[in-house]
Amino acid sequence: MQRFSFEYESFHSMEELSNLDQAIVAAAFEAAEKLAYAPYSKFKVGAAVLLSNGEVVRGGNQENAAFPAGICAERVALSAVSASYPGIIIKSIAIAYNKNKDFNRLDERVLSPCGICRQTIMEYQNRQGKPISLFLNSETGIVYKIKDAQFLLPLTFNGDLL
Ligand code: THU
């Protein structure tokens, strides 16, 4: 029998992270608040991408009345990176959400990227040949730090096979 498993770090609050990691996580929360356009699902998602030059590029989900035309925050942010910094190394991506529910009912489950976003992140990772770390956030402050996007997509389909 074969088995996949991976290690990740779990923090109760973003204050437990290094200053740099905190900054990228805070940028993702801010992106959810300020950049998401989610009038249909009301599920506001923000992504913040840390680049090797220290810049942070943010994006929010962009929904559409024709639902499948919407695009997730991660891919909005990654496309913005491609447009402004083609070929640059991506160090990490933080994602956060805001359901705009009652403050007392904040959700402690972390947001994990959808399948299309995992595949997209893996394309960037394979292109650059260096791992991209992920910071997955809950609404309450719980953060998972995953050091390699590959862990979230075992047996990734990649271009080598074509
Ligand atoms: N969404 C993201 O932006 N990123 C994710 O990782 C999961 C889902 C968006 C898509 C849609 O606008 C809304 O969240 C509800 O699915």
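Below, all heavy atoms of this structure are taken into account, side chains as well, without hydrogens, waters or symmetry copies. Both ligands and their constituent atoms are indexed starting at 1 by order of listing.
At least one heavy atom of P113 lies less than 4.0 angstrom from ligand 1.
Considering only residues two or more places apart in sequence or on other chains, T140 meets the side chain to side chain contact (heavy atoms under 4.5 Å, CB included) condition with L106, E108, S138, I142.
Looking only at protein heavy atoms, the nearest one to atom 7 (C) of ligand 1 is L111 CD1, 4.0 Å. With respect to atom 4 (N) of ligand 1, the closest heavy atom belonging to the protein is E74 OE1, 2.8 Å. Distance from atom 3 (O) of ligand 1 to its nearest protein heavy atom, with residue and atom name: A73 N, 2.9 Å. Among protein heavy atoms, atom 12 (O) of ligand 1 sits closest to E63 OE2, 2.5 Å. Regarding atom 14 (O) of ligand 1, its nearest protein heavy-atom neighbour is F43 CD2, 3.3 Å. Scanning the protein for heavy atoms near atom 8 (C) of ligand 1, the closest one is C72 SG, 4.1 Å.
Residues V25 and N137 meet the side-chain proximity criterion, which asks for heavy atoms closer than 4.5 Å. The closest side-chain heavy-atom distance from K147 to E7 is not below 4.5 Å. Contact annotation: the side chain of L136 never approaches that of L111 to less than 4.5 Å [non-hydrogen atoms, C-beta and beyond]. Proximity of Y37 to N64: side-chain heavy atoms (C-beta onward) are nowhere separated by under 4.5 Å.
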Criterion ring pair (Phe, Tyr, Trp, His ring centres under 6.0 Å) on Y144 and F135, from CA distance to verdict | CA-CA 6 Å; Y144 292 176; F135 293 93; over 10 Å; no

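Between F6 and Y8, the angle of the ring planes lies from 30° to 60°, which puts this pair in the tilted group.
Within a 4.0 Å radius of atom 16 (O) of ligand 1, the protein contributes no non-hydrogen atoms.
Here Q62 has no heavy atoms under 4.0 Å from ligand 1, in either its backbone or its side chain. Counting heavy atoms under 4.0 Å from ligand 1, residue S41 touches it through the side chain alone.
Here is the list of ligand 1 atoms found below 4.0 Å of a heavy atom in V45: 1 (N), 2 (C), 3 (O), 4 (N), 9 (C), 14 (O). Counting the atoms of ligand 1 from 1 in the order shown, those under 4.0 Å from a heavy atom of C114 are 6 (O).
For N61, a nitrogen or oxygen atom sits less than 3.5 Å from a nitrogen or oxygen atom of ligand 1, counting backbone and side chain alike. Annotation: I71 places no N or O atom under 3.5 Å from an N or O atom of ligand 1; distance criterion only.
Within the 3.5 Å criterion, the main-chain N or O of P113 finds a donor-acceptor partner in the side chain of R118.
There is no side-chain donor-acceptor pair under 3.5 Å between T120 and E74.
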